[in-house]
A.B. asks: 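Okay, here's the structure, questions in a sec.
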Amino acid sequence: MQIKFASYNIHKAVGLDRRRDPERILTVLREIDADVVALQEVDRRFGRRMSALPLDAIHTTTDYVPVPLTMKPDSLGWHGNAILVRKGIELLQAEAVPLPVLEPRGAIRADLSLDGQRFRVVGMHLDLSGLRRRLQVRSVLAHVHDCEADVPTVMMGDLNEWSAGGGCFREFHAPWHVLAPGRSFPSRRPLARLDRIIVSEQWAVLGTNVHHSPLAAIGSDHLPVFASLELPKK
């Protein structure tokens, strides 16, 4: 079973041209054509924290369904984090993951099923503080460890970690495998691998990359990253 995962910090759909353009973000998502997408900065920060991506547009112009996690009627995600799954993938369970925070950061978890195979996805956006990031990774790992079922897991998001392999990445011990799809920030001239995908030992990694199309280069300050993964037959 092959599944494509992607992570994208959409910067509230505000591009480098300073225009808020949800359709541009949705077009980029269609370009990537992943099965599961973790989004960061999907909701506006103030007021009613409205989603930067209209729900009706997601349903009518993409093949995705948002995982229901929001605690606010106009929001799409939890502290700006959202998960989109391709239609046909079954949602089994979803919840917010509590993190130690000073900034409005967060993480979310969804258990999904495809063709009878259960798997888990965690989307996250970590703190700017190095110490806080490490504490947040520990919280995410503890949450996954305490889940009722031990299933193939993918964690992904904007980790805000500039170190190539140190910092909060030191918290991911075996059997976790930290993937570095490539430089994703800033989008016009990428220098840093801030956006990462972390996989459990059950997955075979078929390939990873950064999606660098003309629209993605201006649609947000981050470029999307993705990984094609495979599970062995049951």
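Not measured: the values here are computed from a predicted model. All values below were derived from every heavy atom in this structure, side-chain atoms included, with hydrogens, water molecules and symmetry-related copies excluded. The chain is numbered in sequence order, starting from 1.
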A.B. asks: If hydrophobic clusters are built from ILVMFWY residues whose side chains come within less than 4.5 Å, do F119 and V205 share one?
C.D. replies: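 Yes: a chain of side-chain contacts under 4.5 Å links F119 to V205.
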A.B. asks: Any chain of hydrophobic side-chain contacts (each under 4.5 Å) joining M124 to F185?
C.D. replies: no
A.B. asks: Check whether any side-chain heavy atom of L179 lies under 4.5 Å from a side-chain heavy atom of V199, and answer yes or no.
C.D. replies: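 L179 vs V199: side chains touch.
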A.B. asks: Can we say D63 and R86 salt-bridge, meaning some charged N sits less than 4.0 Å from an Asp/Glu carboxylate O?
C.D. replies: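 Yes.
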A.B. asks: Is there a side-chain hydrogen bond (donor to acceptor under 3.5 Å, both in side chains) between H177 and E201 once you walk through the steps?
C.D. replies: CA-CA 7 Å; H177 184 199; E201 61 184 341; over 6 Å; no
A.B. asks: Between D111 and R120, is there a salt bridge with N-O shorter than 4.0 Å?
C.D. replies: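 The answer is yes: the pair qualifies as a salt bridge.
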A.B. asks: With side chain to side chain contact (heavy atoms under 4.5 Å, CB included) as the test, would you mind laying out the steps for I198 and M156 before giving the verdict?
C.D. replies: CA-CA 6 Å; I198 302 100; M156 51 186 172; over 6 Å; no
A.B. asks: Does any N or O in the side chain of R18 come within less than 3.5 Å of the main-chain N or O of G15, such that one atom is a donor and the other an acceptor?
C.D. replies: no
A.B. asks: Counting distance only, does the side-chain N/O of E90 pair as donor-acceptor with the main-chain N or O of L114 below 3.5 Å?
C.D. replies: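 Pair absent, no side-chain N/O of E90 close to backbone of L114.
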A.B. asks: Taking the six-membered ring of Y64 (Phe, Tyr or Trp), confirm whether the NZ or CZ of K87 is under 6.0 Å from its centre and within 45° of its axis.
C.D. replies: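 Ring-cation test returns no.
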A.B. asks: Are there over 12 heavy-atom neighbours, none belonging to D150, within less than 6.0 Å of that residue's CG?
C.D. replies: no
A.B. asks: Taking the side chain as C-beta and beyond, is there a heavy-atom pair between L229 and I3 under 4.5 Å?
C.D. replies: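 A side-chain contact under 4.5 Å is absent here.
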A.B. asks: P66 versus I83: any side-chain heavy-atom pair under 4.5 Å?
C.D. replies: no
A.B. asks: Is I197 close to M155 at the side-chain level, that is, under 4.5 Å between some pair of heavy atoms?
C.D. replies: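 Contact flag for M155/I197 side chains = no.
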A.B. asks: In terms of side-chain geometry, is the basic nitrogen of D43 or K12 positioned less than 4.0 Å from the acidic oxygen of its partner?
C.D. replies: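 So D43 does not pair with K12 through a salt bridge.
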A.B. asks: What distance do R193 atom CZ and R183 atom CZ have between them, rounded to the nearest 0.5 Å?
C.D. replies: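 Nearest 0.5 Å value for the CZ-CZ distance: 5.5 Å.
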A.B. asks: Is the closest basic N to carboxylate O distance between E161 and R133 below 4.0 Å?
C.D. replies: yes
A.B. asks: Hey, does V122 have a side-chain heavy atom less than 4.5 Å from the side chain of I108?
C.D. replies: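 Side-chain contact under 4.5 Å: no.
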A.B. asks: Provide the closest heavy-atom pair for P190 versus S184 in the form atom of the first, atom of the second, distance.
C.D. replies: CB-N, 4.0 Å
A.B. asks: In Å, rounded to the nearest 0.5 Å, how long is the span from CG of L16 to CD1 of I218?
C.D. replies: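 Going from the CG atom of L16 to the CD1 atom of I218 covers 7.0 Å.
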A.B. asks: Which atom names give the shortest non-hydrogen contact between L76 and S51, and what distance separates them?
C.D. replies: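 Taking every non-hydrogen atom into account, CB-OG, 3.4 Å.
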A.B. asks: Can you pull out every ring-ring contact (aromatic ring centres under 6.0 Å, His included) where at least one residue sits in residues 136-169? Sequence neighbours excluded, please.
C.D. replies: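 Checked against ring-ring contact (aromatic ring centres under 6.0 Å, His included) - neighbours excluded - no pair reaches residues 136-169.
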A.B. asks: Could you measure the distance from the CG atom of L29 to the CG atom of L39? Nearest 0.5 Å is fine.
C.D. replies: 6.0 Å
A.B. asks: Quick check: does any side chain N or O of S139 sit under 3.5 Å from a backbone N or O of L135, one acting as donor and the other as acceptor?
C.D. replies: yes
A.B. asks: Grouping I, L, V, M, F, W and Y whenever their side-chain heavy atoms are under 4.5 Å apart, do L55 and V42 come out in a common cluster?
C.D. replies: yes
A.B. asks: If only side-chain N and O atoms count, and only distance matters, is there a donor-acceptor pair under 3.5 Å linking Q202 with S200?
C.D. replies: yes
A.B. asks: Checking the side chain of D127 only, and the main-chain atoms of R132 only, is there a donor and an acceptor separated by less than 3.5 Å?
C.D. replies: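 Between the backbone of R132 and the side chain of D127 there is no qualifying donor-acceptor contact (under 3.5 Å).
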A.B. asks: Is there a donor-acceptor pair closer than 3.5 Å between any side-chain N or O of T153 and the backbone N or O of V151?
C.D. replies: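 Indeed, once roles are kept as given, a pair shorter than 3.5 Å links the two residues.
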A.B. asks: Between R109 and V140, does a side chain to side chain contact (heavy atoms under 4.5 Å, CB included) hold up when you go through it step by step?
C.D. replies: CA-CA 9 Å; R109 188 260 301 180; V140 171; over 6 Å; no
A.B. asks: Show the numbers, then the answer: is there a side chain to side chain contact (heavy atoms under 4.5 Å, CB included) between H211 and V225?
C.D. replies: CA-CA 6 Å; H211 182 76; V225 301; over 6 Å; no
A.B. asks: Give the minimum heavy-atom separation between A52 and P54, together with the two atoms involved.
C.D. replies: O-CD, 3.7 Å
A.B. asks: Compare all side-chain heavy atoms of R196 with those of S7 and state whether any distance is below 4.5 angstrom.
C.D. replies: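 They are not in contact (no side-chain heavy atoms under 4.5 Å apart), so the answer is no.
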A.B. asks: Are V85 and W203 connected in a single hydrophobic cluster, I mean Ile/Leu/Val/Met/Phe/Trp/Tyr linked by side-chain heavy atoms less than 4.5 Å apart?
C.D. replies: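 Hydrophobic grouping puts W203 with V85.
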A.B. asks: Linking I/L/V/M/F/W/Y whenever their side-chain heavy atoms sit closer than 4.5 Å, directly or via other members, would I58 and V14 fall into one cluster?
C.D. replies: no
A.B. asks: Strictly by modelled atom types, are T27 and E23 linked by a side-chain donor-acceptor pair under 3.5 Å?
C.D. replies: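 Per modelled atom types, T27 and E23 side chains form a pair under 3.5 Å.
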A.B. asks: Whether D17 and R24 form a salt bridge (side-chain N of Lys/Arg under 4.0 Å from carboxylate O of Asp/Glu) is what I want to check.
C.D. replies: yes
A.B. asks: Less than 4.5 Å apart, any side-chain heavy atom of S187 and any of S220?
C.D. replies: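 No, every pair of side-chain atoms sits at 4.5 Å or beyond.
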A.B. asks: Taking H11 as the fixed residue, which of E41, R20, Q40 is the one that meets the side-chain contact (heavy atoms from CB on, under 4.5 Å) rule?
C.D. replies: E41
A.B. asks: Indicate yes or no: at least one non-hydrogen side-chain atom of W78 is less than 4.5 angstrom from one of V67.
C.D. replies: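 No; the side chains remain at least 4.5 Å from each other.
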A.B. asks: Using side chain to side chain donor-acceptor pair (under 3.5 Å) as the criterion, point out the one residue from D158, D221, N160, D195 that pairs with N9.
C.D. replies: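 The side chain to side chain donor-acceptor pair (under 3.5 Å) with N9 is passed solely by D158 among D158, D221, N160, D195.
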A.B. asks: Please report the shortest heavy-atom distance between C168 and L159, naming the atom on each side.
C.D. replies: SG-CD2, 4.2 Å
A.B. asks: What are the two closest heavy atoms between D115 and M1, and how far apart are they?
C.D. replies: CB-CE, 3.8 Å
A.B. asks: Begin with the C-alpha distance, continue with both residues' side-chain angles, and end with the deciding distance and a verdict on side chain to side chain contact (heavy atoms under 4.5 Å, CB included) for L91 and L112.
C.D. replies: CA-CA 5 Å; L91 173 64; L112 307 169; 3.8 Å; yes
A.B. asks: Give me the atom names and distance for the closest heavy-atom approach of Y8 to G219.
C.D. replies: OH-C, 4.3 Å
